[in-house]
Amino acid sequence: MQFLLLIYDAEANFSNMSPEEVGAMYQEYGKFTQEITAAGKHRAGGQLKPISSASTVRVRNGKRVVTDGPFAETKEQLGGYYLVEAADLDDAIAMAGKIPSARTGSIEVRPLWVREARADSAKG
Amino acid sequence: MDFEKLHREESGRMLSTLIGLLGDFDLAEEMLQEAYATAMQKWPAAGVPANPRAWLVSTARNKAIDRLRRDRRFDTKRDEIARHTGFVSQAGDDSTDKMFPDDRLRLIFTCCHPALPTEAQVALTLQTVSGVTTEEISRAFLVPLATMSQRLVRAKRKIREAGIPYRVPSEEDLPARLEAVLLVVYLIFNEGYLASSGDALIRRELCAEAIRLGRVLCQLLPRQTEAQALLGLMLLHDSRRDARVGGDGELILLEEQNRDLWHWEQIREGTRLTESALRSGAAGAYAVQASIAALHANAKTPKEPDWRQIAGLYDILLRDNPSPVIEVNRAVAVAMGRSLEEGLALLDDLEKRGELGEFHLLPAARADVLRRLGRATEAADAYRQALALATNDVERRFLGRMLAKLES
């Protein structure tokens, strides 16, 4: 199964870190990425620029509307993701628990639809 | 053939085997139902097979293969099941249990997966592992049937869609996952033991079911001492079931209970389990609570359990799980073991902190200590306060009776 591991953390935490701390964190992320790559579980991943760089697009009545934002008042923001291959939820949870930001923020674990699962759910 | 009894006692094992074979909760349940229907037709004439469980599992599995054969979308899945069940052709050899190893542990860990809401874990465990019907579960938890059905459907869908595995967790995850399982079992027990209302028979059944689950866990995980301790704790509480509520449904204080009504065989077994869990060294919360229950059950006279030791055990519990509710219990033990005044001071302090605003047991405990101190007016006030907060009918009657005694 494929799972998207969505990394949420307070951007403020990040901007308050010293250069040494930022370096240490990147190193830790690098190690984690290497680990899951070596295990053949890494499919994709990346770090997002701060939420201030985001734009939101909607099409309403055939008209495209672009706004700055989102401005949802949340403590934690989506800051990055991994797309991983995992045997099952427990395997994905084990990986999520090793992401450095899990200690300060939180990781949302979301399975992706796969063809077989879609057939299963159509049946049920 | 008593099908209801067979279902109650064996459905957990049969269903767990079938889910293991078929990899699908719904399909396994449906096929087991169909196998029951076939059995009801055949057994009266042909006689009950030597091993009804193996017969039903084989029949359900064959029905599943037929079903999947008809349904062309599932070609790969059908082949997979057929491969896993290479013994399909040896249907005559179904008298042995070795064919179907006990898979209940996998089922229990799946039902109690932390990705499911706790209330769904409880309902799912009762339905699949214990074979309790959805209707009985809804009645036991005072939830409308439609709500309970929906809860179970959602939980099964989540198991499928989220990829919740059907397996026993890794060594590394086992302690935390077992904790969740034990909590579910204890919640089932407490719903039966403490439930505020509802059918007494169903509540009794819930306690028995929780104890049965506790036994399964001890049997399948013999080295997990917290599972032993939980079973011990439940047995010790349950041993007083016939003595703690009187003929009119009123609650009877521990010290006033008729000890001839206690189930001594259960007390002996519970005490034995507790001692063995304690001997293993690292005593967890269930072992400590079980020890407290064992001290009460084994006291030489009803009024004189070893209150000092009980207070000490509450100290240990508090150290690991700070909780104002446990502090109330500890204060009572201090009042009984050391001095009433000292216990009262602790309760007064808890009241000032206000963390237990709506919890009736705090004023009830204060009322009891004040009564013992002979401060009747204050005790009556505290009983009134407790009465205003208590929702459980049995407890309300008890508090009302105590208040009436003081007022007369």
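A, B, ... follow the sequence lines: proteins, then strands. Residue 1 opens every chain.
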Query raised in the report: Can you tell me if CD on A/Gln27 sees more than 12 non-hydrogen neighbours from other groups inside 6.0 Å?
Result: no
Query raised in the report: What do you reckon, is CD of B/Glu179 surrounded by more than 12 foreign heavy atoms closer than 6.0 Å?
Result: no
Report task. Check each atom of B/Arg157 against the heavy atoms of chain A and say whether the ones under 4.5 Å are side chain, backbone, both or neither. Result -> neither
Distance-minimising heavy-atom pair for [X] and [Y]:
X: B/His113; Y: A/Asp90; value: NE2-OD1, 2.5 Å
X: B/Ala115; Y: A/Leu89; value: CB-CD2, 3.7 Å
X: A/Pro111; Y: B/Ala162; value: CG-CA, 3.7 Å
X: A/Met1; Y: B/Glu161; value: CE-O, 3.8 Å

